[in-house]
2 protein chains.
Amino acid sequence: MIDAIAEDVRKLRLFDGVADTTLRKLLHAAYDQSFPPFVKLVEEGAPADFLHLILEGMVEVYAGARQRESTMAVVRPVSTFILAASVRDAPYLMSARTLQRSRILLIPSADLRAAIASDNHFAMNVVVELAGCYRSMVRHAKNLKLRSTRERIAAYLLRQSRILGNVPGYILPVEKRILASYMGMTPENLSRALKSLAEDGCKIDGQRVIITDRAKFEALADLSPLLDGPDVEASQAGVSLPLPLSDLQRLA
Amino acid sequence: MIDAIAEDVRKLRLFDGVADTTLRKLLHAAYDQSFPPFVKLVEEGAPADFLHLILEGMVEVYAGARQRESTMAVVRPVSTFILAASVRDAPYLMSARTLQRSRILLIPSADLRAAIASDNHFAMNVVVELAGCYRSMVRHAKNLKLRSTRERIAAYLLRQSRILGNVPGYILPVEKRILASYMGMTPENLSRALKSLAEDGCKIDGQRVIITDRAKFEALADLSPLLDGPDVEASQAGVSLPLPLSDLQRLA
DNA sequence: CGAACCCTTGACAGAAATCAACTAAGGTGG
DNA sequence: CCACCTTAGTTGATTTCTGTCAAGGGTTCG
């Protein structure tokens, strides 16, 4: 079992170059489990007993307070989520639920901390991963505070295109209501804003996005590495922007 | 010189229990420098050549885009800022400037990374520190997305009171325009909102805050560890909420 | 076939940004 | 020591934006 997991887990930057003994210690008490869609994996406020790695599927990380709820990230393979709570042995600050059937690897937080303490190389990987998570969250906050809703949406849509190789069209990777929540607006507001983007060079038809006037749309989105991240780093970040890499998302 | 610094630096959780040899390596090429108020220490987009530690004074961490600008944090001694960029050898995502005369310790990022790689204990400290920074930024984002402006303000004001030992009154640690920016609103809006809080149990007179009806005000603020942090953790986080600990801030 | 649920659209109310004017306080230089 | 200047803060009027409520279309799934 460990060997089967190890193969998938090796793809993770977090374990890159880590000694086999460390990996074995991390995996010996780990669970590799498949969950149906819409299952709550993590409850905010609960003690962080496990580090979660998503191997397959899609997970929404969200937070709530006083009836309200907001999507903080959508995580796709292969990456970790809520690493920070695990290493700190602190309560989760965010909840998580599957959006699709998902395969999740659960590593006991105590084992994680032990591995950090004993394996220098692994510790360095955790540092880099955590720093990436932090930078993702900084970008998220910056987006909320420095861009208008139309700009946020345009930046998001153009970013997706760029990640897929500057394709002119693609399919939205997540439901619009989740997108709306992620970007800090209501679904109604997103709907209206998307419609209005037609005059800025981007047409949205259902789940399909078509960039009709790239130059004009780029001017509105005004992508910047400091707000949107270099492509490379985006895929390193554990808790990051939705990363639509599956074939399904390419426009037919 | 190193010994003089080492004494101050030892207060930092980041260096707690770290071997003297590591500390010496970190400090041998470090600068310990005093800056006047309103000096830019860090420019976003620039390569992260140094880890910054604030030993005395007050530093504003902020970000800009397209004319707009937003305060992301106000940092007080003794803590680090922009640790993530340093360990990743990546461009700063945020700028920083002094708000008062401040004493800053600058440690070359390369030395920092070398120390992480060679000293396991230090690496663990960095992991914990970074995780704290991450959690602070998550809380900041959650505040923006889950609370209304009045709630954000009330939570901030009550948090300060709590940090100072549940005092009924105190002096605001930073200018209101910076507070407004930090909380994602205009100064005008903050001004009006502050005034309106009188009917919710908190009177603001200039820089002075007086909680007149604690029960009522607590109900509005609705503090939660998941949004505001436990007192302990707040002071651990490197990039964190403004922490008004100086005597000046206690109400006469 | 019906029941959810997502998305859209419209009408409205509320909140926030903007613009402008004014006050107050602190610092500078005569 | 005072006049002046700069800047933070406040207040008001107005516009723009956003959330809310309500209704209807479309899809999926039992």
Side-chain angles (χ1 to χ4, degrees), chain A residues 36-38 58 60 62 65-71 74 97 99-101 143-154 157 171-200 203-209 220 248, chain B residues 36-38 58 60 62 65-71 74 97 99-101 143-154 157 171-200 203-209 220 248:
Chain A
F38 309 114
M58 186 153 66
E60 180 191 7
Y62 63 99
R66 280 242 192 111
Q67 314 298 3
R68 274 165 286 195
E69 209 174 88
S70 184
T71 302
V74 174
R97 66 185 152 221
L99 291 175
Q100 312 169 344
R101 169 159 289 279
N143 262 282
L144 290 169
K145 294 179 90 174
L146 294 171
R147 294 215 253 231
S148 71
T149 54
R150 298 185 83 244
E151 289 168 344
R152 280 204 297 281
I153 297 167
L157 294 176
I171 303 295
L172 285 175
V174 292
E175 289 182 356
K176 287 183 184 171
R177 64 186 184 84
I178 291 176
L179 265 188
S181 179
Y182 177 65
M183 296 198 278
M185 63 194 78
T186 58
E188 294 96 322
N189 224 332
L190 174 63
S191 185
R192 279 185 262 263
L194 284 175
K195 200 168 158 188
S196 81
L197 289 180
E199 60 198 45
D200 292 280
K203 183 94 184 52
I204 287 88
D205 177 37
Q207 301 253 82
R208 176 169 286 124
V209 178
L220 173 65
L248 284 172
Chain B
F38 310 113
M58 185 154 64
E60 178 191 9
Y62 64 101
R66 281 243 192 105
Q67 314 299 4
R68 272 163 289 194
E69 209 173 89
S70 184
T71 302
V74 175
R97 67 185 152 222
L99 291 176
Q100 313 169 345
R101 168 159 291 279
N143 263 282
L144 291 169
K145 295 178 88 175
L146 294 170
R147 294 214 253 231
S148 70
T149 54
R150 298 185 84 242
E151 288 168 345
R152 279 205 295 284
I153 297 168
L157 294 177
I171 303 296
L172 285 176
V174 292
E175 288 182 356
K176 287 183 185 173
R177 62 186 186 84
I178 291 177
L179 265 188
S181 178
Y182 176 65
M183 296 198 276
M185 63 194 79
T186 59
E188 293 97 322
N189 222 333
L190 174 64
S191 184
R192 279 185 263 264
L194 284 175
K195 199 168 157 189
S196 82
L197 287 181
E199 60 197 44
D200 292 281
K203 185 93 184 50
I204 288 89
D205 177 37
Q207 302 252 81
R208 176 168 287 122
V209 178
L220 174 64
L248 284 172

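Quick caveat: nothing in here was measured; it's all calculated off a predicted structure. A note on names: the letters A, B, ... follow the listed sequences, proteins ahead of strands, and every chain is numbered from 1.
Across the protein-nucleic acid pair, A/Arg152 atom CZ and D/dC17 atom P stand 14 Å apart, rounded to whole Å. When the P atom of D/dT10 is taken as reference, atom CG of B/Leu190 falls 7 Å away, rounded to whole Å. Straight-line distance from the CE atom of B/Met185 to the P atom of D/dG9: 14 Å, rounded to whole Å. Put simply, CD on B/Glu188 is 17 Å from P on C/dT23, counting in whole angstrom units. In this structure, B/Leu194 places its CG atom 7 Å from P of D/dT10, rounding to the nearest Å. The interatomic distance linking A/Gln207 (CD) with D/dG26 (P) rounds to 17 Å, in whole Å. Residue A/Arg192 contributes atom CZ, which lies 11 Å from atom P of C/dT8 at whole-angstrom precision. We find that NZ of B/Lys176 is positioned 14 Å from P of C/dA24, with the value rounded to whole Å.
Residue A/Lys195 has no polar side-chain atom (N or O) positioned under 4.0 Å from OP1 or OP2 of C/dT8. The phosphate of C/dA16 (OP1 or OP2) has a side-chain N or O of B/Thr149 nearer than 4.0 angstrom. OP1 or OP2 of C/dA17 sits under 4.0 Å from a side-chain N or O of B/Thr186.
Counting non-hydrogen atoms under 4.0 angstrom, A/Glu175 reaches the backbone sugars and phosphates but no base.
A/Arg68 contributes atom CZ, which lies 4.5 Å from atom CD of B/Glu151 (distance to the nearest 0.5 angstrom). For the atom pair B/Phe38 CZ and B/Arg101 CZ, the distance stands at 12.5 Å (nearest 0.5 Å). Between the CG atom of B/Leu194 and the CZ atom of B/Arg192 there is a distance of 11.5 Å, given to the nearest 0.5 Å.
The minimum heavy-atom distance linking A/Ile153 with A/Met183 is given by the pair CG1-CE, 3.8 Å.
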